[in-house]
Amino acid sequence: MTALDLSALSSQLDNCLTRDSHALRTRLHGLKRRASKGLPIDKGLLEVAAQIEASQQAVEARRALLPTIRYADDLPVVLRREEVLAALTKNQVLILCGETGSGKTTQLPKIALEAGRGVRGLIGHTQPRRIAARSVAARIAEELDTPLGEKVGYQVRFTGQVSDSTLIKVMTDGILLAEIHSDPLLSKYDTLIIDEAHERSLNIDFLLGYLKRLLPKRPELKLIVTSATLDVERFSAHFDGADIMSVEGRTYPVEMRYRPVQGDDDDRDRDLPRALLDAVDELAAEGAGDILVFFDGERGIREAEEALRKHPVPRHLGATEILPLYARLSAADQARVFQKHGGRRIILATNVAETSLTVPGIRYVIDTGLARVSRFSAHAGIQRLQVEPISQAAARQRAGRCGRLGPGICIRLYAEDDFAKRPAHTDPEILRTNLAAVILRMESWQLGHVDDFPFLDKPDGRQIKAAYDLLFELQAVDETRRLSALGAQLSRLPVDPRLGRMVLAGERDGCLAEMLVIVSGLTVQDPRDRPPERQQAADQAHAAWKNTTSDFLSLLALWRWYEEQARHLSQAKLRGLCEKNFLSYVRMREWRSLHQELRGLFHEEGVHENEAPVSEDVVHRALMTGLLGHLALRDEEKRKTNPAKDKREMVSYQGVKGRKLAIHPGSALVKTPPKWLMSAQWLETTRVWGAMNAAINPRWIEPLAKHLLSREVSEPHYQLDSGRVAAFETLSLYGLPVVLRRAVNYAAIDPLDARRIFILEGVLGALEGWEVVADQAWSTPSPQPSPARG
DNA sequence: CTCTCCCTT
């Protein structure tokens, strides 16, 4: 064979599946090298030629699947289809800015198909949320008149419908990110659409960084990044000045009214209900239409609900219905928002209604301008959840919720100049979160140092250090920040690093069964429902599994009970049972799915769970491997000064790193605070709360925390009876003494000094002592001291 | 005496 055949073959690669072309190109390079050394390559060439042939046939088969593309008539993106097509042909990257109603989410994948994408590889389309991924896929499939799961498929955690004939695959951004592990080139895609990039979740930022590096290695890959806000220059600059296309939205104008809460800042909380009632009255006078009110949390919602129920809302337009809406609400209560209704509705919502759920039929919005924002404080090493003024972008998003049906009105319960002073955008998650999981992934995928990774926003050095500190605590990296064998294992577990560490301890200590249950239970949202108006009944039902020394064992008890029921009950009966026991069926199912998934990972490796139950201590010691940074000692002084009679005074704890904390009232341990406490989570809101707790034995700490303990040796002294030099040692974990004044052999610690003391106190002391004894022998006896009392 | 919202090998 000649060099001509080699180049002829390599020119054919552009007609192969993207999945194959990279491997085949590598193969051809190898053959070229062989040929240059004068080695025979005939057989290799024949094989490659056959593979190319097969791959091209697969491409043709996919081309035959192309559906007739029909567009939803007059959506703004569709009207500018030609431009998008041209941009896709000309450029590798396109930034598309399209606001609500532009049609970008549903129409772009179809335009990509029309541009000839989706044949050599999949068109991958990512969504930030699972529900959205599924519904977007269903919608596109419907518009293309094909059944979901064939030409248009979707994939989210635990479920999905994708087949060999899938051309468009809609998935969560988390799925695409996870695929990098098994396919670093993302070679099965010929096009990627990263939707809702303005949300700037950790997944999106990680993907955009990764894709920047990937694009040069995948010249045939096209990327579309979409954003609903106008600040797309950042994205463009990130991708070396990629073209930007802006498509208008399809929304109605929203009139802004500023009605700041009267009174000074300290009184805001008190005056907010008043301001809310005034706003409701003002909007009620405008005419019919539902009102959506945004709050920072459940508490504000409940206060507002109470105030509204007492308040005579003008009723000439029919009854007014008040509905709370937040993520923790039971599925049935959430569903009420989507039911048809007469009269006026006032929906009191948290941020769920800002992006995750679209409440239908909203004509008016009232915005308190506040939200709870999670931030990881690297300095304190703790996660905070504080109420903050929302950004301008978030405020616009909230207001936009009443501009979908017709012109809307939004009342902001803050001043216009307050709005003007706010940050333009919400800080991206990567600047607000604990980076341990990100860094663990980067280490395991060998992506180099975080500082060099092309993140849109570079994380702060202190955040990076805090993340490495946590990874060291978990023994996932060593002192030099090198990934350990344990770290490599940890990176393959799709759970929080602390929780993953527990599972690995469970594997080692023969309590994998228990760890899989507890860790999956800690990962999903708590399935125990506690509706505000039926808290007592709920608590009563949950008491069946309650363990007052360990919330973890409560979880385990709930699981065992449920598994027993599930074994002989139909799905419908199980659902009813959940309802009766104030459990969320959906979350119980999530728990089981995650448990199943984690279990599967171990089974693949041939590791199986222990069959015999283990002692509670074994379970808690395995948990502790992940929670060494969340240990605390009861503050005894406080207990003395505040007698137990005063029940309102909460028992305070002294945690590691000097943190003061208290047991969260949702914990079963709140009434029986143990001396030593271990918490799955520390969260600072009004104060630092320890959530999901267990009483522990401090003796477990030393063997598990050897790599973290600092030792302080004091009072070396000669011991007359043993004839040795002894001292006391105090071991501290992050500044918290965990072993107090334990006698140790000083010679093993500081042999030279021990020898000095031996001579000084032992030898000379013995002489001195001998003198004393001699003295006493010749002098009159002194009176014996009376025994000590009390 | 209480905690916004998402996502995964």
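Chain letters run A, B, ... following the sequence lines, proteins first, then strands; residues in each count from 1.
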Hey, does A:R530 reach any base, or is it just sugar-phosphate, or nothing, if we go heavy atoms under 4.0 Å?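 A:R530: base contact, heavy atoms under 4.0 Å.
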So what does A:A437 hit on the nucleic acid, given a heavy-atom distance under 4.0 Å: a base, only sugar-phosphate, or nothing?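 Here A:A437 touches no strand at all.
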Going by the rule side-chain contact (heavy atoms from CB on, under 4.5 Å), which residues pair with [X] if we only count those two or more places apart in sequence or in a different chain?
{"X": "A:Q334", "answer": "A:L325, A:L329, A:L357"}
{"X": "A:E305", "answer": "A:R302, A:R309, A:I322, A:P324, A:L348"}
{"X": "A:S377", "answer": "A:H379, A:A380, A:R384"}

Could you check whether atom CD of A:Q535 has more than 12 heavy atoms from other residues, nucleotides or ligands sitting under 6.0 Å from it? yes
Spacing between A:F295 atom CZ and B:dC3 atom C1', to the nearest angstrom: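 To the nearest whole Å, that distance equals 17 Å.
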A:L661 atom CG is separated from B:dC3 atom C1', nearest whole Å, by 15 Å
Give the table of side-chain donor-acceptor pairs shorter than 3.5 Å for residues 437-448 of chain A, with sequence neighbours excluded, one pair per line with atom names and distance.
residue: A:E443; atom: OE2; partner: A:Y468; partner atom: OH; Å: 2.7
residue: A:S444; atom: OG; partner: A:S491; partner atom: OG; Å: 3.2
residue: A:W445; atom: NE1; partner: A:H181; partner atom: ND1; Å: 3.1

What one-letter contact string describes nucleotides 4-9 of chain B from 5' to 3', where B marks a base within less than 4.0 Å of any protein heavy atom, S marks contact via sugar-phosphate atoms alone, and - marks no contact? BSSSBB
Please list, chain by chain and in numerical order, all residues satisfying salt bridge (charged side-chain N to carboxylate O under 4.0 Å, His left out) with A:R328, sequence neighbours excluded.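 Counting only residues at least two positions away or on another chain, A:R328 forms no salt bridge (charged side-chain N to carboxylate O under 4.0 Å, His left out).
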